[in-house]
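Each chain gets a letter, A, B and so on, in the order the sequences are listed, and its residues count up from 1. Note that the structure is predicted; figures quoted are calculated from it, not measured.
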Number of protein chains: 2
Amino acid sequence: MEEEKRTVRAVERALDVLLCFVSGHEWGLTEIAGRVGLHKSTVHRLLATLEDKGFVIRDAATEKYRLGLSVLELSANLSRSDDPSVVLLPEMERLRDELNETVSLYVRDRAERVRIQAVQSMQAIRRVATVGARLPLSVGASSKVLLAFAEPGVRAAVLSDAAWPSNLERAAFGKQLDDIVAAGYATSFEEREPGAAAVSAPIFNRSGKLVAALSVSGPSNRLTPDRMHEYAPAIIESAHRMGTILG
Amino acid sequence: MEEEKRTVRAVERALDVLLCFVSGHEWGLTEIAGRVGLHKSTVHRLLATLEDKGFVIRDAATEKYRLGLSVLELSANLSRSDDPSVVLLPEMERLRDELNETVSLYVRDRAERVRIQAVQSMQAIRRVATVGARLPLSVGASSKVLLAFAEPGVRAAVLSDAAWPSNLERAAFGKQLDDIVAAGYATSFEEREPGAAAVSAPIFNRSGKLVAALSVSGPSNRLTPDRMHEYAPAIIESAHRMGTILG
DNA sequence: CAAACCCGTTTCACCCTATGAAACCCTGTT
DNA sequence: AACAGGGTTTCATAGGGTGAAACGGGTTTG
């Protein structure tokens with residue numbers, strides 16, 4: 001609490017309002033005010049500003065707010081030519097076709113992970129992965145990869161974060177991460193979602209720094225533990241190839 | 001200048017900073033300060049706030065700012081299931097396959113139009129359309145559609161906008177829009193870009209309100225005026241079908 | 001090797017402006 | 001009519017955003 005904040009409160013609050021729209025598409029003013037814990041009139045002013053700049057629009061029919069087109073405009077420029085999510089796409093599709101399962105790409109953002117790219121399996125029963133989703137860093141194969149192979153310090157920093165689940169045994173988890181470093185890949189079986197399993201391997205750039213986790217996921221009856229270990233070499237090889245594509 | 005502003009200045013400025021990233025991917029602090037016309041230290045604080053909420057990140061190598069992952073997260077939820085750009089995609093692909101030309105979807109945003117979805121022709125020579133692009137509302141087939149079929153008032157409002165090109169003869173343009181309403185579709189031949197042509201038809205929702213313009217575009221040697229009028233019925237029918245898909 | 005320069009960071013006093021309580025205005029409901 | 005539940009507007013207050021200036025750390029210039 002002693003932390004000197006060099007941020008602008010009004011802007012922080014406006015961005016919190018904007019971030020309401022990551023879950024659910026439409027919100028009324030009062031709803032938003034309740035969610036962010038601010039007074040109606042404050043939120044009203046913030047929304048007017050956001051609307052003015054095109055970040056939100058009011059649905060003419062429902063009178064509620066939804067995301068505006070400025071966000072689309074920004075996200076269009078998010079994918080640059082040297083963006084991993086673009087240059088790695090062909091290789092992701094190749095791997096998808098080889099294993100016929102959904103392939104995702106994750107990066108770590110503080111104490112969370114974000115799915116920055118995904119290609120879906122073509123099978124009827126498949127893992128459906130939405131790009132942009134933000135997931136906890138405590139469970140799942142790619143979470144463990146993103147922690148295990150991270151630069152020194154981040155592992156300790158994340159594990160000691162206040163948001164980290166307290167019921168998770170730290171020592172055992174650390175041991176698990178060490179095993180993953182030794183094996184070169186991680187698996188998860190019905191860990192985060194029942195019926196789902198995943199294998200994940202680290203992607204390093206040329207200077208050996210971890211940049212992303214490549215993950216293959218599907219229903220747990222297809223992706224049995226045996227099958228996952230069988231797939232692992234192909235995934236590791238694919239991840240290695242991706243590393244050479246990057247700078 | 002007498003206009004009572006009910007907006008928050010600090011937030012406005014922060015959003016202006018964010019909107020710098022629609023053109024060019026990377027900016028230094030001083031560059032941004034110059035662009036938005038603010039003092040360095042102000043921009044520094046705003047950027048710190050934006051970074052804190054994940055809307056921008058600092059490239060570790062170049063020390064410059066680029067868009068952060070929160071934008072990705074937001075844009076993921078912009079494409080909701082009832083979002084036109086998603087539900088209309090199959091029909092757009094069908095039309096693309098029928099005519100073998102690039103198909104785009106535009107909506108009006110104030111005095112501009114935004115391409116919210118596009119599927120490319122498979123031919124070697126084809127119109128390449130990027131989603132999220134923002135274009136003037138004064139030229140192009142879909143511009144004319146978005147104006148001609150708009151609700152009463154918006155036509156006059158846009159034409160009298162300060163940003164409207166003054167060299168455009170208003171009376172003649174208005175007549176042209178009336179003709180388009182009568183015809184039910186619009187064409188443009190090398191109007192905005194040399195060598196490019198387009199046909200566009202309006203999409204109305206069930207309550208008869210204009211929601212988007214469906215456009216077929218390609219090289220002007222394939223999309224001759226004759227060919228465009230020949231294509232028009234199919235495009236109108238497709239646009240009508242899309243209207244029934246929407247609420 | 002200074003000096004000059006550029007960029008980002010920090011400090012600080014001033015006074016602008018964001019804030020929230022309350023009142024107000026709708027429209028629909030009891 | 002009275003009420004409820006949304007959104008809008010007003011207004012006094014003090015809290016906080018602001019920009020000038022100074023600082024620090026690089027790199028280029030003399």
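Between the base of D:dG16 and the side chain of B:Arg45 there is no donor-acceptor pair shorter than 3.5 Å. In the interface, the side chain of A:Thr30 is not paired with the base of D:dG6 through any donor and acceptor atom under 3.5 Å apart. For A:Lys40 and D:dG7, a side-chain-to-base donor-acceptor distance below 3.5 Å is present, hydrogens and geometry of angles not being considered.
For the pair B:Glu12 CD and C:dA18 P, the interatomic distance rounds to 9 Å; values are reported in whole Å. Rounded to an integer number of Å, the gap from CG of A:Leu46 to P of C:dT19 is 6 Å. Rounded to whole angstrom, the span from the CZ atom of B:Arg6 across to the P atom of D:dT9 amounts to 5 Å. Spacing between atom NZ of A:Lys64 and atom P of D:dT8 amounts to 14 Å, rounded to whole angstrom units. For B:His44 and C:dT11, the NE2 to P distance is 11 Å, given to the nearest whole Å. Computed from coordinates, the A:Glu51 CD to D:dT8 C1' distance equals 13 Å when rounded to whole Å. If you take CG of A:Leu47 and C1' of C:dG20, they are 16 Å apart, rounded to a whole angstrom. Atom CG in B:Leu38 sits about 18 Å away from atom P in C:dC16, given to the nearest Å.
Between B:His39 and D:dT18 there is no side-chain polar atom (N or O) within less than 4.0 angstrom of OP1 or OP2. OP1 or OP2 of D:dT8 sits under 4.0 Å from a side-chain N or O of A:Arg58.
With C:dA18, D:dG19, C:dT11 as the choices, the nucleotide that has an atom nearest any side-chain atom of B:Thr42 turns out to be D:dG19. Nearest to the side-chain atoms of B:Ser41 among the listed nucleotides D:dT18, C:dG8, C:dT10 stands C:dT10. Of all nucleotides listed (C:dT19, D:dG19, C:dA21), C:dT19 comes nearest to the side chain of A:Arg13.
Without hydrogens or angle criteria, B:Arg108 side chain to B:Arg110 main chain gives a donor-acceptor distance under 3.5 Å.
For the pair A:Arg192/A:Leu135, a side-chain contact is recorded, criterion being any heavy-atom separation below 4.5 Å from C-beta on.
Across A:Arg115, A:Glu112, A:Gln117, a single residue satisfies side chain to side chain donor-acceptor pair (under 3.5 Å) together with A:Tyr106, and that is A:Arg115.
The residue among B:Glu63 and A:Ala10 whose nearest nucleotide of DNA chain C lies closer to the 5′ end is B:Glu63. When the nearest nucleotides of DNA chain D are assigned to B:Arg9 and A:Gly28 by heavy-atom distance, the more 5′-ward of the two goes with A:Gly28.
Centroid-to-centroid, the aromatic rings of A:Tyr65 and A:Phe21 stay 6.0 Å apart or farther.
With salt bridges taken as basic N to acidic carboxylate O contacts below 4.0 Å, one links B:Lys175 and B:Asp179.
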